[in-house]
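A note on names: the letters A, B, ... follow the listed sequences, proteins ahead of strands, and every chain is numbered from 1.
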Number of protein chains: 2
Amino acid sequence: MSLREKKKLETKNNIFEVSGRLFKEKGFENTTIDEITREVGIAKGTFFNYFPTKGSLLLYFREQKHELIHELLEAEKSKNVPTKEKIKGFLVLLAESYEKDKELTKLFILEYKRYAVHSGFSPDNGNSMHYRFSRILHDFLEEGAENGEIKSTVDLETAAEMLNVVYFHTLIVWLRSENDFPFSRNISAKIDLLFEGIRN
Amino acid sequence: MSLREKKKLETKNNIFEVSGRLFKEKGFENTTIDEITREVGIAKGTFFNYFPTKGSLLLYFREQKHELIHELLEAEKSKNVPTKEKIKGFLVLLAESYEKDKELTKLFILEYKRYAVHSGFSPDNGNSMHYRFSRILHDFLEEGAENGEIKSTVDLETAAEMLNVVYFHTLIVWLRSENDFPFSRNISAKIDLLFEGIRN
DNA sequence: GGTCATTAATGACTGCAGTCATATTTAAGT
DNA sequence: ACTTAAATATGACTGCAGTCATTAATGACC
């Protein structure tokens, strides 16, 4: 790695670290780029060589966080429990990992939503949280379908999409609540409902 | 109504009308307050006497739109069809009403989401789209429960919340698509799935 | 119809995100 | 070591949302 590359990486990490701290301390809106760059010791313009907008920092936070997801996923995939339990376990674990950085998570979930409405979660965007999650959930469901745990008439894409969207909605409500919200029970109830149906 | 009140209403309507037109013509981000006020013939500051932020215009658009909802609702409520069909009918009608102002709808759905993440859809906020919708859906479900169409073990609040969130997600995807997306079939399939469950 | 308090209008001003022409640093070729 | 091209850094500048102290319009009351 050349001197150039080393410096570049270091600058990016510095921006990342400082902005994360400031966002947590004072919130996203109350933190200015000027503040971040002053603290990092770079010029304002330099920031924009690394991140195209202030909001894109949040997408980067999300990406970093999601490196962890695949570990959770592998651990959960190999368990020998019914599909429904696997999905519950995965989503609860995931939420617990978000819980560690509640404030930051709120921010990047919000930013994701903004992005999602503007530009969509198109399949060709490998970094789309929505897409990756739907894929993972779809894999679980497919396994369940192969075992005969799931009705053959169910469209697995649709089911995965619904799990996904219900999950994120619940996550947001949970993140916003002051921890008196029993996330895992709540999401479990919804997954049950989706598996069992509501019709008598 | 006094002269004052008349003028006030007229100014508000003018802002509403001009901004709506400009948003449709050039998009929300590309329309500036200066432009709106110039065209309306008021000073910039006056705008903020009527709407606290640029985004709040979108909430106002939404409110206006939602005056229509209750008409749809009443028509649908009185039909004598199964609960599931009532819900489908209502959601499809609603989507069709959104379709008339696709670009504007996109904007205010986005703004709603932003708002929702920031400040929640608290029950005490009577204007919250989320809350009103959940209430309406809840009413439908309650009727279904009374007729024995719905499992007694199902928590109606949860079911309404899920219908709601799945609906809005689907709506967004549909609004973003270029009309080749069969909304009513898609949302119907999801409602079916939620009613019947996915477990074999 | 004149006085005064209340309500609304005004636009210069502030703060911040994001741009861009210019300057500096790096690395490769000779 | 010198030259040169490419990569990177810089900060003054622009554009826009939102504020606020000041001014104008309105209507209640005598």
Side-chain angles (χ1 to χ4, degrees), chain A residues 1-61 107-108 110-112 114-115 118-119, chain B residues 1-61 107-108 110-112 114-115 118-119:
Chain A
M1 190 186 281
S2 69
L3 172 58
R4 218 161 218 183
E5 283 168 317
K6 252 186 274 183
K7 278 195 172 178
K8 224 174 140 177
L9 192 63
E10 205 188 338
T11 302
K12 185 160 192 175
N13 285 339
N14 284 341
I15 294 172
F16 183 62
E17 218 169 292
V18 168
S19 62
R21 182 163 51 71
L22 290 177
F23 290 168
K24 281 184 225 172
E25 275 171 27
K26 357 182 352 190
F28 180 71
E29 304 291 349
N30 300 325
T31 304
T32 66
I33 307 280
D34 282 297
E35 227 169 340
I36 294 167
T37 53
R38 202 182 317 126
E39 195 141 337
V40 172
I42 55 175
K44 186 171 187 178
T46 305
F47 176 92
F48 293 95
N49 291 340
Y50 289 89
F51 298 96
T53 65
K54 190 184 173 190
S56 70
L57 263 171
L58 297 176
L59 298 179
Y60 188 67
F61 279 113
L107 295 172
F108 67 62
L110 167 62
E111 193 58 22
Y112 156 75
R114 195 179 308 200
Y115 174 80
H118 277 316
S119 41
Chain B
M1 189 187 283
S2 68
L3 172 58
R4 218 165 217 180
E5 283 168 319
K6 253 186 273 181
K7 279 196 171 178
K8 229 175 134 176
L9 192 63
E10 206 190 334
T11 303
K12 185 160 191 174
N13 284 339
N14 284 341
I15 294 173
F16 183 62
E17 216 170 291
V18 168
S19 62
R21 182 165 48 74
L22 290 177
F23 289 168
K24 281 185 224 172
E25 275 171 29
K26 359 181 351 186
F28 180 71
E29 305 290 349
N30 300 325
T31 304
T32 66
I33 306 281
D34 282 297
E35 227 169 341
I36 294 167
T37 54
R38 202 183 317 126
E39 195 140 337
V40 173
I42 56 175
K44 185 171 187 178
T46 305
F47 177 92
F48 292 96
N49 291 339
Y50 290 89
F51 299 96
T53 66
K54 190 184 174 190
S56 69
L57 264 170
L58 298 176
L59 298 179
Y60 189 68
F61 279 113
L107 294 173
F108 67 63
L110 166 63
E111 194 59 23
Y112 156 74
R114 195 179 308 200
Y115 175 80
H118 277 316
S119 41

Can you check nucleotides 11-13 of chain D for protein contacts, nitrogen or oxygen pairs under 3.5 Å, and list what you find?
unit_1	atom_1	unit_2	atom_2	d
dG11(D)	N7	G45(A)	N	3.3

[X] [atom1] - [N] [atom2] separation (whole Å):
{"X": "K54(A)", "N": "dA17(C)", "atom1": "NZ", "atom2": "C1'", "value": "8 Å"}
{"X": "L9(B)", "N": "dT26(D)", "atom1": "CG", "atom2": "P", "value": "16 Å"}
{"X": "F47(A)", "N": "dG18(C)", "atom1": "CZ", "atom2": "P", "value": "8 Å"}

Considering only dA8(C), dG18(D), dC16(C), which nucleotide approaches the side chain of T32(A) most closely? dC16(C)
Return the nearest nucleotide to the side chain of K8(A); candidates are dT8(D), dC16(D), dA17(C). dT8(D)
Do you know which two heavy atoms are closest between T31(A) and L22(A), and how far apart they sit? OG1-O, 3.5 Å
Per nearest nucleotide of DNA chain D, the residue lying toward the 5' end, I33(B) or G41(A), is G41(A)
Using a heavy-atom cut-off of under 4.0 Å over every strand shown, decide if T37(B) touches base, sugar-phosphate, or nothing. nothing
Which pairs pass side-chain hydrogen bond (donor to acceptor under 3.5 Å, both in side chains) with one or both residues in residues 11-24 of chain B, sequence neighbours excluded? R21(B)-E25(B), R21(B)-E39(B), K24(B)-D101(B)
For the helix from dG1(C)-dC30(D) to dT30(C)-dA1(D), what angle separates the axis at the start from the axis at the finish, each from five pairs, in steps of 10°? 0°
Check each residue of residues 13-24 of chain B for a non-hydrogen atom within less than 4.0 Å of any atom in DNA chain D, then write out the ones that pass by number, or none. none
Pairs meeting criterion salt bridge (Lys or Arg N to Asp or Glu O under 4.0 Å) with involvement of residues 44-57 of chain A, two or more places apart: D34(A)-K44(A)
Output one letter per nucleotide in nucleotides 25-30 of chain C: B when a protein non-hydrogen atom lies under 4.0 Å from the base, S when only the sugar-phosphate is that close, - when neither is. BBS---
Please confirm whether the shortest side-chain N or O distance from Y50(B) to OP1 or OP2 of dA9(C) is below 4.0 Å. yes
